[in-house]
2 protein chains.
Amino acid sequence: MTNETDPRFARSRDAILNAARELLLESGPTAVTHAQVADRSGVGRATVYRHWPQTGPLLLEAMATVPMPFFDKPTAPTREWLRRELTAIARQLELDDVRAVATTLANTALWDENMDASRARFASILADRLAIALDDAQARGEITLTLTSRNAAAMTIGPMYYRSTIERAPTDSALIEAAIAALGAWSTD
Amino acid sequence: MTNETDPRFARSRDAILNAARELLLESGPTAVTHAQVADRSGVGRATVYRHWPQTGPLLLEAMATVPMPFFDKPTAPTREWLRRELTAIARQLELDDVRAVATTLANTALWDENMDASRARFASILADRLAIALDDAQARGEITLTLTSRNAAAMTIGPMYYRSTIERAPTDSALIEAAIAALGAWSTD
DNA sequence: TGCACTGCGAGTCAAACTGTCTCATAAGAT
DNA sequence: ATCTTATGAGACAGTTTGACTCGCAGTGCA
């Protein structure tokens with residue numbers, strides 16, 4: 001049967017995933033078909049079927065190859081860390097492929113349960129990491145939260161996400177600062 | 001040729017649009033094909049082609065039949081009006097069809113310029129209305145904005161949009177209050 | 001180096017789907 | 001009552017889809 005370690009297998013797999021990612025970025029999720037992926041990757045059509053009999057999982061794995069913005073391990077002071085992270089996320093959201101993956105995830109998840117699981121995983125990683133960082137910061141007296149820490153992700157990423165996907169414009173630093181300030185009262189020292 | 005006022009024409013058109021909207025809601029934008037719309041609407045396949053030779057414009061018009069949340073005409077006091085409007089938008093975002101239209105718009109707009117024009121129109125209506133209302137409120141001394149009024153839509157709708165489309169959970173009132181507070185310093189009288 | 005293994009490309013094939021056209025019908029206008 | 005015209009049904013070629021073959025060649029092992 002299929003040997004996962006065979007270099008030929010790995011080569012085809014990579015070529016297919018690359019082509020799928022390119023197609024998603026250039027023409028959207030509907031362009032990720034067996035035929036188009038085969039053409040683009042130079043791999044035979046039958047080979048694409050062998051690796052991914054359904055295009056859904058292929059699209060899912062292709063999306064996973066795009067590095068998505070996450071909250072890195074928090075450092076002190078939390079406010080500076082948060083500012084850095086949010087700025088990085090804002091910059092990421094200006095990249096075409098990140099926007100493509102994010103909006104495809106949000107949209108496809110409404111009808112595809114595998115995609116929905118992926119969305120949920122992504123959302124909870126972001127929410128968890130930020131909540132932990134903020135709870136720690138509060139414990140250290142850096143901030144007095146006016147918001148549940150579970151609301152922090154929506155409050156900070158939400159505006160940037162809306163700005164880049166609906167308003168389709170870059171996020172300015174004023175928006176980031178306002179979001180940081182909205183989390184609670186930061187101690188000024 | 002085609003007579004726009006012919007009741008037969010209007011009947012078919014309505015049936016087609018309804019079927020397209022239902023298909024979008026149930027199975028996503030890829031389900032809006034001539035064949036499926038014809039089946040669902042009970043209209044002949046040729047008739048669907050006669051009305052909309054391309055499925056793109058059909059999807060666009062079908063989406064326009066879903067009532068999307070907008071900022072209504074502002075009333076005083078602005079803070080109460082804003083709270084009411086945001087609460088209404090949050091409730092709208094919990095409806096499946098509104099979420100389907102919003103995320104389909106954001107996603108499809110990345111590759112379809114007609115969809116992108118629709119997205120831009122929608123975004124600027126929201127941003128304009130809110131900006132005008134807030135500038136007026138500031139002129140009347142109700143608030144001192146800490147944010148450009150152009151940033152207000154992203155700051156207020158963004159968190160709710162992220163919450164409903166990425167985190168897939170209802171918006172609580174604390175999130176709305178925090179967003180309102182983040183706009184600036186409200187006069188307390 | 002030579003051999004056995006197995007993933008691969010190319011091709012075939014039926015089924016389904018797409019887009020276009022024709023034609024008889026009946027709903028609607030006059 | 002008669003003319004107009006949107007419609008449904010169906011035919012049709014061209015394309016796409018998904019499932020197979022088969023000979024070939026890259027790979028691991030002796």
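Residue numbering restarts at 1 for every chain, and letters A, B, ... go by the order of the sequence lines.
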Q: Hydrophobic cluster membership, with links at side-chain heavy-atom distances under 4.5 Å among I/L/V/M/F/W/Y: are B/L25 and B/L17 in one?
A: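 Not linked; separate clusters.
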
Q: If you assign each of B/A35 and B/P7 to its closest nucleotide in DNA chain C, which residue comes earlier from the 5' end?
A: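 The 5'-side residue here is B/A35.
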
Q: Calculate the interatomic distance between A/D14 atom CG and C/dC8 atom C1'; express it in whole Å.
A: 15 Å

Q: Please determine whether a side-chain nitrogen or oxygen atom of B/H51 lies at a distance below 4.0 Å from atom OP1 or OP2 of D/dT7.
A: yes

Q: Decide if atom CD of B/E26 counts as having more than 12 heavy atoms of other residues, nucleotides or ligands within a radius under 6.0 Å.
A: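 Yes, the 6.0 Å shell around CD holds more than 12 heavy atoms from other groups.
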
Q: CG of A/L58 versus C1' of D/dT17: gap in Å, rounded?
A: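 Those two atoms, CG and C1', are 16 Å apart.
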
Q: Considering the options A/D39, A/T33, A/T55, A/V37, which one meets the side-chain contact (heavy atoms from CB on, under 4.5 Å) requirement together with A/V48?
A: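 Exactly one candidate clears the test, A/V37.
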
Q: Treat each ILVMFWY residue as a node, draw an edge where side-chain heavy atoms are under 4.5 Å apart, and state whether B/I132 and B/L147 are in one component.
A: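 Hydrophobic grouping puts B/I132 apart from B/L147.
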
Q: Measure CZ/A/F9 against C1'/C/dC8 and give the value in whole Å, please.
A: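 That distance rounds to 12 Å.
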
Q: Please report, rounded to the nearest Å, how far the P atom of D/dC3 is from the CG atom of B/D6.
A: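 That distance rounds to 19 Å.
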
Q: Are OP1 or OP2 of D/dG8 and a side-chain N or O of B/T47 less than 4.0 angstrom apart?
A: yes

Q: How many Å lie between CG on A/D39 and P on C/dG9, as a whole number?
A: 12 Å

Q: Flag the pair B/D128 and B/R150 as a salt bridge only when some basic side-chain nitrogen lies within less than 4.0 angstrom of an acidic carboxylate oxygen.
A: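 Result for this pair is yes, salt bridge flagged.
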
Q: Rounded to the Å, how far apart are B/I16 CD1 and D/dT7 C1'?
A: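 In whole Å, D/dT7 C1' lies 11 Å from B/I16 CD1.
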
Q: Please tell me if B/R11 has a side-chain N or O lying less than 4.0 Å from either OP1 or OP2 of C/dG28.
A: yes

Q: Using atom CZ of B/R13 as one end and atom P of D/dT7 as the other, report the distance to the nearest whole Å.
A: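 So the CZ-P distance, B/R13 to D/dT7, works out to 12 Å.
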
Q: With a sphere of 6.0 Å drawn around CD of B/E177, does it hold more than 12 non-hydrogen atoms of other residues, nucleotides or ligands?
A: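 Check passes, neighbour count above 12.
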
Q: Counting only side-chain nitrogens and oxygens, does B/S12 get under 4.0 Å of the OP1 or OP2 atom of D/dA6?
A: no

Q: Are B/Y161 and A/Y161 an aromatic pair by the rule of ring centers under 6.0 Å?
A: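 B/Y161 vs A/Y161: aromatic centres under 6.0 Å.
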
Q: With 3.5 Å as the limit, what N/O pairs link the protein to nucleotides 19-26 of chain C?
A:
unit_1, atom_1, unit_2, atom_2, d
C/dG19, OP2, B/Y49, OH, 3.0
C/dG19, N7, B/R45, NH1, 3.0
C/dG19, O6, B/R45, NH2, 2.9

Q: The helix from C/dT1-D/dA30 to C/dT30-D/dA1: angle between its terminal axes, five pairs each, to 10°?
A: 40°

Q: Around atom CD of A/E80, are there more than 12 heavy atoms of other residues, nucleotides or ligands at under 6.0 Å?
A: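 Counting neighbours around CD of A/E80, more than 12 heavy atoms of other residues, nucleotides or ligands fall under 6.0 Å, so yes.
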
Q: Looking only at side-chain N and O atoms, does B/R84 offer a donor or acceptor that is under 3.5 Å from a partner on B/T75?
A: yes

